[in-house]
Each structure stands twice: as structure tokens, then as C-alpha cells.
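What follows is one structure encoded as C-alpha cells, with my remarks underneath.
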Protein chains: 2
Amino acid sequence: MAQAGTVDRILDTAEVLFAQKGFAETSLRAITSKAGVNLAAVNYHFGSKEALIQAVFERFLNPFCSRLDGLLAELESDPDSVTIERLLATLSQSAVAVQRGEPQRVAIFFRLSGLAYSQAQGHLRRFFREHYGEVFSRFLRQLAVAVPDVPPMEVFWRVHFALGATIFTLSGMDPLRAICRSDFAVTLSPQQVNDRLLSFLAGGIRAALPAS
Amino acid sequence: MAQAGTVDRILDTAEVLFAQKGFAETSLRAITSKAGVNLAAVNYHFGSKEALIQAVFERFLNPFCSRLDGLLAELESDPDSVTIERLLATLSQSAVAVQRGEPQRVAIFFRLSGLAYSQAQGHLRRFFREHYGEVFSRFLRQLAVAVPDVPPMEVFWRVHFALGATIFTLSGMDPLRAICRSDFAVTLSPQQVNDRLLSFLAGGIRAALPAS
DNA sequence: ATACGTTTCAAACGTTTGTTTTGGGGGCTT
DNA sequence: AAGCCCCCAAAACAAACGTTTGAAACGTAT
């Protein structure tokens, strides 16, 4: 990243700053000055700040979704072998596709996702649904196959519960690990946290339905 | 809320606008004009925008935590009866304390919590830990008693997983219910969503530990 | 070498932001 | 009635924001 082009330097810097402080709290001046480019470069190359935000997400979501799509296609060819654990592992593997080199990019990715959801500016929600809604539906359909005892609608809700737990955890991974280290004198690796999260999610998705 | 004092009118309006659009995206002018008060009133009564944000949280968290503290004290007198379900129900009951009249205030409360967590870089994190860390530790200790097979550190992580699922779900309650309605032609009440969430959480907290 | 499209740069634009100032009413006490 | 204190209102403030501008610098093909 030492002497990359202007566009990439902007994207590299923007995704870090956005993840650290949020979208509205990160000014174009902060991005461009830290990236070592001119202030006008953002509007020249991307058109606007909104477009820059979307470009940052595209750089994450395109490899993530294409990888996920491919893996889901593989699974569809052998429907009997589809389990919750395999589907969740598929997500994990897809997330690896976004970390080109640095493993910390996965954390940034989820941190941004959390921001996108909570700040939910109108344009981002539309952007997600239009560009990546397809893959998400595909995943949802497969998950419904994996847990035939759970009605599709219940699967829908539980996926969102799981999504919340995941985004929340991975977006706050470092602070949480620090608390764990100080309270229990145990240093967990991100991978170990991930394992714990996955068993929690599997347990939740398979849980007994509430008495209606 | 028709002709309340200036301070309350500001707080009432601010909490709604903050929940809708976030902290940075909500200007004091938007708050004061909608509240029907003068722009300078915020700085006069609260001192700054940061102080207003904290005041909004205090109005939610003080009744919530004092109610929660009281209920936890009751539970401590009879440790044998403490189960996950009872603890989660305790949280639910405490949340009811924040909705003075309007039931939708619970959603606002969690929406704000989600915002606070995702944007939490400086003053809010400190504010939470200093003012409400005590009650949280107390809850954590009780939960560890309720699931003796799960080591305390695992409880710690699972509570945060559950916290993420809860905040994520309740902060996006209305959009999620809309999707559910359009995709499954089923209209769930917030209470029904809550029931589903609770069984998901109980299943996750009780799930089998990952093979280490 | 000249001309051309692309990229970079410093500077300025017009808005909007949070905050401060100033001054003028009520309602109290003395 | 005078003084005091709390509250409100209009205006102005400085700073920061995203965006635009016009010219300079660049590489490249003619």
C-alpha cells in the first residue's frame, strides 16, 4: 500500500477511518490528508462522499458475495449434506476472501457492516438490497433446508438474531477481547472467539420454538 | 407531552430524532425547531450537544438500571430459583420501566443503545462504564449461577453475543417486521418477536461448548 | 515538439454546524 | 418599587463541512 494509486490510497484510508469513527464523523479532509492526496481527489474520482462510502462497501462486498455465491452453488449440488455448521463455515470462508493480506480487514468489514446497519442511511439500505439481496435470499433458502423442523419464517428471524450477534461481536472484537483479558486473565484469539460465536449461533438456531 | 417544560420537550424530541438518524446526523436546529423551542435553549439547559446526548441516555438508563437492580436483589435472596429464562424476563421487565406510557419507547431505547455501541468511541463508553457497570456485573454474576455447567468466561462471551442479537433486533424492529410481513404475509407483534428472540438466546446460552 | 486528455493542486465557494452574545420580559423576594 | 434571578428569543459568531473552480503538471500519442 506504500505507493498505490490515488483511488486505492483513498479507499484504504477511508475504510479504516470510517470503521473507527463512523461515516458522518469522518470528514473528507481527514481522509485525504491522512491518505496524502488532495482534498478534491475524492470528488474527482468518486463524485461525492456518498459514492465513496458505497465504493468502500463494494470493495468488501463484491469479493465476499461472489465467493459466497460460488460456495453456495457447490452446496446446492449436494443438498443432503447441508447443515447449519457447514453454512456458517461457508460464511466464515467467504469472509476470508475480503482480507487481502491483512487479517484485520475482516474486523473492519464487520465493523462497517454494523455501522451501516445502525446508521442506516437510506441510500445504504437500498444499495445493499439492490446489489446483494439475491445472494442473501439464496443463503436463507439453503438454511431453511438445513433445519427442516424450523419453519421458514422462524429461520428468517433467527438469521437476523444471528446476524446481530455476529456483527455486534466482530465489530467490537478488540475491546471485548481486552475486557476478557482483564476480567478473566485469558487471552483469546479472534479465531477462538469465532468458534464460541458459532456454537452459540448454532444453539440458538436449533433452539426449541417458543410456545405460541 | 403537549405543553411540557422546555427541558422535557427538548429531551422528548431529541431521543426520537437521535434514534431515527443518529447523533451526528441530527442537528440542534432540527431538534429545537421540531420541539418548538429556541435554538439556544439546548446550550442553555444542557451546556452542549454531548451533554444533551448523555441526558437522553440518563433518562432511559436510570429507571432501567434501578428497576433491574431491585429485581436482581430479589433474585439473589433465592439463588436456587435463578434460571436463564427468569433472568431474561427480568431484563424485559426492567425495559418496561423505561416506557412511561408509550410502548414504542422501548424500541427507541434499544435503537439508541445500538447507536451508542457502534459509534461509541469516547465519551459514551466511559459514561456507560462509570455509571452503569456495577449493575451489569451484578447481572453477569447471577447468570453465571444460572448456568453452572458453562464456565464464567463462556458466560461472558455468550452474554455479549446475546446483547448483540438483542440490540440489533430491537433497534431494527420495525423494518424487520415489515420484511417479514412482505415475505411471509405474517404480521408479528413486537411481543411475538421478543418471544422468538428470547428462545433463541436461551438456546444459544445453553448450547454445547465448542471443542477446544 | 506540439497537442491532447487525464490527473493533481491550491484556493475559494456557499452551507451548515455548535456555540455565544445580547437584551428583554416575568416572577420572586426584600 | 426596586433588585435579583431564571428563562426565553433573535442575532451573530467562528469553525468545519462537502463541493466547485481554474490553472498547473503529467504522460502519451501524433
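Per chain, numbering begins at 1; letters A, B, ... match sequence-line order.
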Calculate the interatomic distance between B/Asn38 atom CG and D/dA11 atom C1'; express it in whole Å. 10 Å

Should the pair A/Phe64 and A/Phe109 be assigned to parallel (<30°), tilted (30 to 60°) or perpendicular (>60°) ring geometry? tilted

Measure the acute angle between the ring planes of B/Phe23 and B/Phe57, then classify it against the limits of 30° and 60° as parallel, tilted or perpendicular. tilted

I need the CG-P distance between A/Leu39 and C/dA12, as an integer number of Å. 14 Å

Any side-chain N or O of A/Thr6 under 4.0 Å from OP1/OP2 of C/dT8? yes

Touch check for B/Thr26, heavy atoms < 4.0 angstrom, all strands: base, sugar-phosphate only, or nothing? sugar-phosphate

B/Phe200 vs A/Phe200 aromatic rings, parallel, tilted or perpendicular, using cut-offs 30° and 60°? perpendicular

Closer to the 5' end of DNA chain C via nearest nucleotide, is it B/Arg29 or A/His45? A/His45

Counting heavy atoms not belonging to A/Glu134, are there more than 12 under 6.0 Å from its CD? no

Using whole Å, report how far CD of A/Glu50 lies from C1' of D/dC17. 15 Å

Return whichever of A/Ser27 or A/Tyr44 has its heavy-atom-nearest nucleotide of DNA chain D closer to the 5' end. A/Ser27

Touch class at under 4.0 angstrom, heavy-atom based, for A/Ala40 against every strand present: base

Any salt bridge linking B/Asp12 with B/Arg59? Criterion: basic side-chain nitrogen under 4.0 Å from a carboxylate oxygen. yes

Taking atom P of D/dC17 as reference, at what distance in whole Å does atom CD1 of A/Ile31 sit? 11 Å

In whole angstroms, the gap separating C1' of C/dT17 from CD1 of B/Ile53 amounts to 14 Å

If every non-hydrogen atom of A/Thr169 is compared with every non-hydrogen atom of A/Leu176, which pair is closest and at what distance? O-CD1, 4.1 Å

Given pairs defined as Watson-Crick or G-U wobble with both distances under 3.5 Å, what dot-bracket annotation applies to DNA chain D, with ( ) intrastrand, [ ] crossing, | other strand and . unpaired? ||.||..|||||||||||||||||||||||

Result of checking A/Asp69, A/Val135, A/Leu68, A/Leu72 against A/Ser94 for side-chain contact (heavy atoms from CB on, under 4.5 Å): A/Leu68

Let me know the distance between CZ of B/Phe46 and C1' of D/dC7, rounded to the nearest Å. 14 Å

Measure from CG on B/Asn43 to C1' on D/dA9 and round the result to the nearest Å. 14 Å

Taking CG from A/Leu28 and P from D/dA16, how many angstroms apart are they, rounded to a whole number? 15 Å

